[in-house]
Amino acid sequence: MSETPVSSSSVASAEASKRYYGHKLKEIWSKSLENPEAFWSEVAENIVWFKKWDKVYEWDPPFARWFIGGILNASYNALDVHLKRGLKNKVAIFWEGEEGASKALTYYQLWREVNKFANALKKLGVKKGDRISIYLPMIPELPIAMLACARIGAIHSVVFSGFSATALADRINDAEAKILITADGLYRRGKIVPLKTTADEALAMTKTIEKVIVVRRVGLENTPMKEGRDLWWHDVVKDVEPYCPPEPMESTDPLFILYTSGTTGKPKGVVHSTGGYLVWVWATLKWAFDPQPDDIWWCTADIGWITGHSYVVYGPLMHGLTQIMYDGAPDYPAPDRWWEIIEKYGVTAFYTAPTAIRMHMKFGEEWAKKHDLSSLRILGSVGEPINPEAWRWFYEVIGGGRCPIIDTWWQTETGGFMISPAAGIELVPLKAGSATFPLPGVHAEVVDEDGRPVKPFERGYLVILAPWPGMLMTLWRDPERYKEVYWSKFQPNKYLQFKITPPAIYYTGDYAMKDDEGYFWLMGRADDVIKVAGHRIGTAELESAFVSHPAVAEAAVIGKPDPVKGESIVAFVILKSGHQPTDELRDELKMHIRKTIGPVATPDAIFFVSSLPKTRSGKIMRRVLKAVVSGGQLGDITTLEDAASVEEAKKAVEMLRKAMEEATKK
Ligand code: WTA
């Protein structure tokens with residue numbers, strides 16, 4: 001019998017409603033909202049401050065400042081504290097390379113490397129507040145570089161190593177980064193990808209980078225190194241002092257910028273603070289996963305995304321955990337690579353994404369069955385809604401029916417978990433596919449267009465009604481866009497039933513519903529963002545990449561439900577006159593997108609059309625496109641607000657259908 005309470009239906013029974021929301025959890029949650037000052041000053045004591053804050057928070061909507069006056073350092077909290085607590089020789093990172101290499105770094109060793117690299121950066125002239133771009137695969141140098149930045153007060157901007165040269169250049173330019181840290185290459189499914197060559201292409205489009213530091217990861221011969229600009233990592237750390245004093249940082253100093261997709265073509269530079277972010281990440285990891293001293297933690301996310309920042313780098317290190325870092329594909333050389341790693345190290349806590357679970361489901365459970373996974377005690381999921389089938393497979397096949405699944409809903413902007421089961425406080429009965437309840441400090445609601453709470457089982461928008469320590473500070477050098485994107489959809493108005501002062505509503509961009517027991521069910525994005533294999537990509541970003549090709553006049557991109565990836569990218573393209581819709585051109589466009597954004601953005605289907613259904617104001621009717629692609633009901637086009645001539649839209653839809661039919665026939 002499983003010990004994890006799993007309720008098979010969402011129908012409230014007398015028994016369930018007695019248990020449904022852990023009383024302790026509810027009590028702590030209520031307290032956190034009633035008296036945030038008292039609550040957060042207690043929680044914040046768990047990390048180390050060089051000087052305590054004067055004020056817990058200031059809320060000048062939509063800008064919040066947390067632990068004002070507090071002084072601390074992120075790398076000190078991730079490393080030095082453990083050296084003082086007797087964890088010096090504990091393994092911080094067990095690293096596995098795709099090619100079979102492995103390495104263990106103790107807290108002491110990691111601390112040494114960070115100190116040396118911090119001094120190397122200083123020697124190159126890096127100062128507090130400078131931006132450093134990091135474009136590395138999942139090798140130990142990646143967290144080392146981030147922590148070295150944090151140690152000297154430089155702001156890191158990590159760019160996922162699967163992104164293209166253009167994407168990297170955009171991010172370097174926006175942040176005006178001074179240094180770029182990259183590698184000669186990386187391994188992907190047995191092949192070598194020459195990362196430095198891509199970095200060089202990006203550098204040709206940027207002006208601010210003074211030095212490039214290159215890690216020798218794959219030992220590629222002939223790695224292009226520009227005299228005077230490019231330096232090898234192993235050289236810069238040669239003659240430096242072994243100790244670098246941690247820079248005293250204000251709690252409200254930015255720790256990092258992380259770019260994410262939004263509803264326009266330009267990626268948004270999400271800025272996170274030092275104090276608020278660290279407290280949030282520390283607390284949420286504790287509450288959700290109940291970390292134990294002898295845990296072997298494995299979060300499979302790439303550090304290039306927020307999940308890796310918070311739950312590979314800062315969270316597990318602040319908790320002094322031992323963790324796995326794997327630099328390779330989940331199915332290389334065989335589909336049981338992950339299960340082999342879990343067995344090899346005795347992983348106890350395993351945090352991954354629904355898309356990966358569905359991929360492994362497809363390979364079949366025999367791969368997992370080949371390995372002893374009995375060390376696992378807790379599982380986690382993130383990135384997109386987890387469908388009940390994948391949830392059950394994960395629970396039974398990987399977790400052996402023993403391990404609760406911590407389905408964590410959150411975003412790049414929220415810094416850490418927001419809605420999630422709380423094994424570290426009190427585990428409520430789980431329901432396959434629900435992220436359960438908001439964590440302490442999270443005032444989440446589901447509302448309609450007017451900001452009114454919806455009824456149980458009704459779909460609405462997920463909003464957050466109070467500031468929390470982990471929330472983004474702003475968008476890098478774009479406070480107006482920050483206001484506009486997150487805080488303007490819902491104007492607190494006469495309908496508003498929430499007593500929040502001062503009133504401000506954070507719009508998450510997600511659909512959600514609550515069931516009759518108050519459980520939250522996340523239902524995907526409500527805006528023009530798509531989630532492909534858990535990666536967040538803006539349709540506008542894709543569309544502008546399409547039209548940057550000389551043959552393309554106009555493009556509309558939507559996400560189509562995909563059984564493994566969650567969503568796949570489908571594009572409708574109108575060609576400029578003089579260009580023929582050929583298979584060659586289709587392939588060329590696919591390549592163009594890979595080059596402009598990166599392989600994660602490769603479209604699954606491109607349809608050539610001669611017109612698109614649009615509203616009178618010229619906006620593409622994505623809802624209609626989505627319905628056409630998924631074969632769903634079009635609904636009544638006439639009722640769409642601001643619809644263009646209905647006849648025209650219908651005609652366009654007919655054409656789309658025909659184009660798709662033809663493409664499938666081929
Ligand atoms: C989606 C990833 C359902 C959601 C941490 C959100 C989820 C977006 C979940 C943020 C979940 C993340 N259930 N949906 N457990 N976790 N999402 O910024 O749409 O890459 O808004 O952060 O992912 O994506 P991001």
Side-chain angles (χ1 to χ4, degrees), residues 158 160 162-163 256-263 267-272 277 280-281 284-285 288-289 299-312 314-315 351-358 379-388 390-391 394 405-421 430-439 442 444 446 459 461-464 470-472 475 485-486 489 506-513 519-539 541 559 565-567 600-601:
V158 179
F160 174 53
F163 271 135
F256 64 86
I257 306 173
L258 181 60
Y259 286 87
T260 187
S261 292
T263 47
K268 301 179 291 198
V270 170
V271 180
H272 278 291
Y277 171 79
W280 188 248
V281 170
T284 49
L285 181 55
F289 284 92
C299 163
T300 65
D302 193 289
I303 294 176
W305 310 102
I306 189 69
T307 308
H309 279 61
S310 301
Y311 302 109
V312 177
Y314 293 106
Y351 182 39
T352 190
T355 181
I357 298 163
R358 290 191 295 262
L379 302 173
S381 169
V382 62
E384 50 178 319
I386 180 165
N387 49 311
W391 196 100
F394 197 29
I405 295 179
I406 308 300
D407 177 4
T408 61
W409 177 87
W410 59 297
Q411 310 179 298
T412 304
E413 293 85 347
T414 70
F417 312 145
M418 298 290 278
I419 302 179
S420 157
L430 302 177
K431 297 181 188 184
S434 164
T436 70
F437 299 99
L439 288 172
V442 179
V446 182
R459 189 179 83 167
Y461 301 102
L462 180 67
V463 294
I464 314 288
M471 70 187 261
L472 72 167
L475 292 176
V485 174
Y486 304 106
K489 183 171 168 76
Y506 172 85
Y507 174 49
T508 62
D510 273 39
Y511 284 127
M513 65 163 203
Y519 279 64
F520 282 72
W521 298 75
L522 282 305
M523 305 172 79
R525 298 290 302 195
D527 57 7
D528 296 335
V529 167
I530 43 188
K531 278 276 179 155
V532 184
H535 298 151
R536 181 166 159 181
I537 302 171
T539 50
E541 216 174 321
K565 292 191 285 189
E567 283 186 292
V600 285

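Read the numbers this way: they start at 1 and go in the same order the structure lists the ligands and their atoms.
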Practice item. Examine the side chains of Tyr351 and Thr408 and answer whether a donor and an acceptor come within less than 3.5 Å of each other. Key: yes
Practice item. Could you name the protein residues that come within less than 4.0 Å of ligand 1, counting only heavy atoms, and order them by chain and residue number? Key: Ile306, Thr307, Val382, Gly383, Glu384, Pro385, Asp407, Thr408, Trp409, Trp410, Gln411, Thr412, Asp510, Leu522, Arg525, Lys531, Arg536
Practice item. Ignoring hydrogens and angles, state whether a donor on the side chain of Thr284 or Tyr311 is under 3.5 Å from an acceptor on the partner side chain. Key: yes
Point to revise | Phe417 and Phe289 aromatic ring geometry - parallel, tilted or perpendicular at 30°/60° bounds | key: tilted
Practice item. Would you mind reporting whether Leu430 and Trp391 have side-chain heavy atoms less than 4.5 Å apart? Key: yes
**Study point:** Which residues share a salt bridge (Lys or Arg N to Asp or Glu O under 4.0 Å) with Arg525, sequence neighbours left out
**Key:** Asp510, Asp527
Check your understanding: Do we see a donor-acceptor contact under 3.5 Å between the side chains of Ser310 and Tyr277?
Key -> yes
